[in-house]
Amino acid sequence: MDNEAGAPILTIDGPSGSGKGTISRLVAGRLGWHYLDSGALYRAVAVAAGWATLDLSDQTALVRCTHATEVAFRDTPEGEPRVLVNGVDATDELRTETAGAAASAIAAIPEVRSALTERQRAFCQPPGLVADGRDMGTVIFPGAAFKVFLTASAEERAQRRYKQLKDKGVSVTIGGLLQEIVARDARDANRAVAPLRPAPDAVLIDTTGLAVEAVVARVLELVSIPRS
Ligand code: DC
């Protein structure tokens with residue numbers, strides 16, 4: 001077992017748009033395990049900081065905001081996941097490009113990351129946890145039994161995001177999204193603390209051109225292999 005709570009952990013890391021969220025949620029559902037969307041925690045802090053009109057360069061205020069921000073994950077009776085930030089349903093605001101870019105900037109502050117570490121580890125409860133993020137397999141759950149790193153070409157990730165946003169009626173251009181994705185990848189991969197990179201023992205899966213079900217099957221197969 002991977003932690004004191006006696007639960008196995010599957011970490012799924014990767015850049016934005018690699019399919020982590022979709023795959024992690026589906027795999028957690030199939031396994032009946034808990035699910036941690038760690039990006040939502042960083043996004044929640046970014047949204048709370050926006051509500052408080054904090055300056056993204058004011059690190060002290062951002063660290064204080066991280067400690068003060070309450071985040072709760074709830075499913076609607078229809079099973080739709082919602083995220084409450086300080087008691088307010090902020091699910092839609094969390095998913096915006098603005099929140100993602102602010103989260104990426106805030107996530108580069110070491111004290112913000114350490115303030116969220118224990119909160120993330122607390123998600124590990126029986127019967128198991130699927131943890132989705134950038135540093136799940138490297139920093140938060142380095143002892144996890146199962147580690148996956150998902151990638152996809154930047155062009156395909158921009159296409160996926162374009163489709164998602166278009167379906168929601170948001171007007172964006174592929175070129176603009178591609179630029180944002182490349183900038184966010186660079187920021188997430190080049191920061192000094194917990195940069196985006198695969199754990200040495202992670203299994204790499206390139207999802208470019210793969211259907212969601214094929215990726216889910218591949219990940220489930222990995223978890224089904226008995227650990228030595
Ligand atoms: O996975 P996401 O797009 O919701 O994450 C938003 C930002 O939060 C991402 O650009 C970097 C940051 N993040 C992080 O630094 N570490 C994590 N474990 C998850 C997200």
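Just follow the structure's listing: the first ligand is 1, and inside any ligand the first atom is 1. Note that the coordinates shown come from a computational prediction; the quantities given were computed from them, not determined experimentally. The analysis underlying the following values was restricted to heavy atoms, covering all of them including side chains, and did not include hydrogens, waters or symmetry mates.
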- Could you check if a side-chain atom of F123 sits within less than 4.5 angstrom of a side-chain atom of F73, using non-hydrogen atoms only? yes

So the atoms of ligand 1 within less than 4.0 Å of a heavy atom of A107 turn out to be 12 (C), 15 (O)

Near K20 (heavy-atom distance under 4.0 Å), the atoms of ligand 1 are 1 (O)

Quick note on ligand 1: atoms under 4.0 Å from a heavy atom of M136 include exactly 18 (N)

#### Entry: Donor + acceptor pair across side chains of S104, R184 (<3.5 Å)
no

ask   = Can we say D132 and K20 salt-bridge, meaning some charged N sits less than 4.0 Å from an Asp/Glu carboxylate O?
value = yes

If you scan protein heavy atoms around atom 1 (O) of ligand 1, the nearest is R134 NH1, 2.8 Å

Note: ligand 1 atoms sitting under 4.0 Å from heavy atoms of R95 are 4 (O)

Sub-4.0 Å heavy-atom contact, R187 with ligand 1: no

At under 4.0 Å between heavy atoms, what of E97 touches ligand 1? The answer is neither

query: With a 3.5 Å cut-off and no angle check, do the side chains of W51 and E93 form a donor-acceptor pair?
result: yes

- Task: Answer whether the closest heavy-atom distance between the side chains of K168 and K163 falls below 4.5 Å.
- Result: no

for atom 8 (O) of ligand 1, nearest protein heavy atom and its distance come out as Y42 CB, 3.6 Å

* Asked: Taking N or O atoms only and a 3.5 Å limit, does D132 qualify as a polar contact for ligand 1?
  -> no

Quick note on ligand 1: atoms under 4.0 Å from a heavy atom of D188 include exactly 9 (C), 10 (O), 11 (C)

shortest atom 19 (C) of ligand 1-to-protein heavy-atom contact is with S38 OG, 3.4 Å

> Less than 4.5 Å apart, any side-chain heavy atom of R197 and any of F149?
Replying inline: no

With distance as the sole test, does T91 use its side chain to make a donor-acceptor pair with the main-chain N or O of V83 at under 3.5 Å? yes

